[in-house]
Amino acid sequence: VKRGGSSNDVLGEKPQLAVQTRNGQEILHAYMRFPLLKLIDASPRNQNAPQYRGGNQNGKRKMAEVKSAKLSLTFTSGQRPQGGTLRLYGLDSPVSDVWPENRIVWSNSLSEKGVDTLPVLAEVKIGEGGKTFVFDAPELATFVSNCQQRSVTLILTGEAGDRPIVFAAKEDKQSEPPKLVLQVAD
């Protein structure tokens, strides 16, 4: 989503995800949603248990324990923006299952209110490496494991001077899309 963008400036179906800070103010955030239904189905504690929207009878959704979680993003530019900083936030709310990708803009997103009210799952400096950047943080695994929704929304912010940091979106047919790779307990 883009600060100051109009309701006609929807970025949700573009082939790129970008984050940017200019003059100390965040102006671009990237929103990514990943389904967790297979994770719910994979729970050994959940076999033969009826599924209830919003959780089980105790109000908690039974989910397979996530041992590790890695978010993989592919840079679209030729150069990796070394020295930039990326922050990953998580949203565990019923809105995570329903926000409209083709209508989300700054003014109707969490970016308007400030994503700093959400849990920070990782904050990392971009170092040397190839075209792929991987978030591999225990906080990400814990967050996904404890998520009470059918999907998880991850919000990416960052800065590299005044330059945008650009990644391939799922709509980019020439690069790898964002991937959330989970390892679950047996």
[X] vs [Y] side-chain heavy atoms within contact, under 4.5 Å:
| X | Y | result |
| --- | --- | --- |
| E139 | P119 | no |
| V19 | L86 | yes |
| F75 | P81 | yes |
| L118 | L110 | yes |
| L140 | L180 | yes |
| S68 | L182 | no |

Does the [X] side chain pair with the main chain of [Y], one donor and one acceptor, at a distance under 3.5 Å?
| X | Y | result |
| --- | --- | --- |
| D97 | S151 | yes |
| D162 | N23 | yes |
| R80 | I126 | no |
| S96 | T153 | yes |
| D172 | A169 | no |
| Y31 | W99 | no |
| D136 | K70 | no |
| T142 | P138 | yes |
| R33 | V152 | no |

Only residue of L73, L17, T74, T76 satisfying side chain to side chain contact (heavy atoms under 4.5 Å, CB included) with V166 is T76
Pair D92, N146 - check side chain to side chain contact (heavy atoms under 4.5 Å, CB included), show working. CA-CA 9 Å; D92 183 8; N146 293 330; 5.8 Å; no
How long is the span from the [atom1] atom in [X] to the [atom2] atom in [Y], to the nearest 0.5 Å?
| X | Y | atom1 | atom2 | value |
| --- | --- | --- | --- | --- |
| L121 | F135 | CG | CZ | 9.5 Å |
| I155 | S111 | CD1 | OG | 6.0 Å |
| I165 | L156 | CD1 | CG | 7.5 Å |
| E176 | K131 | CD | NZ | 11.0 Å |
| T157 | Q20 | OG1 | CD | 12.5 Å |

Evaluation steps, side chain to side chain contact (heavy atoms under 4.5 Å, CB included), between H29 and Y89: CA-CA 11 Å; H29 292 167; Y89 297 88; over 6 Å; no
Flag the pair R87 and E26 as a salt bridge only when some basic side-chain nitrogen lies within less than 4.0 angstrom of an acidic carboxylate oxygen. yes
Closer than 4.0 angstrom, basic N to acidic O: yes or no for E65 and K67? yes
How are the rings of F167 and F133 set to each other: parallel, tilted or perpendicular (split at 30° and 60°)?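 Tilted.
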Pair S72, K179 - check side-chain hydrogen bond (donor to acceptor under 3.5 Å, both in side chains), show working. CA-CA 5 Å; S72 175; K179 291 182 195 169; over 6 Å; no
Honestly curious: do V115 and V95 fall in one hydrophobic cluster under the side-chain, below-4.5 Å linking rule? yes
Please give me the minimum heavy-atom distance between F143 and L91, naming the atom from each residue.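 Minimum heavy-atom contact is CZ-N, 3.4 Å.
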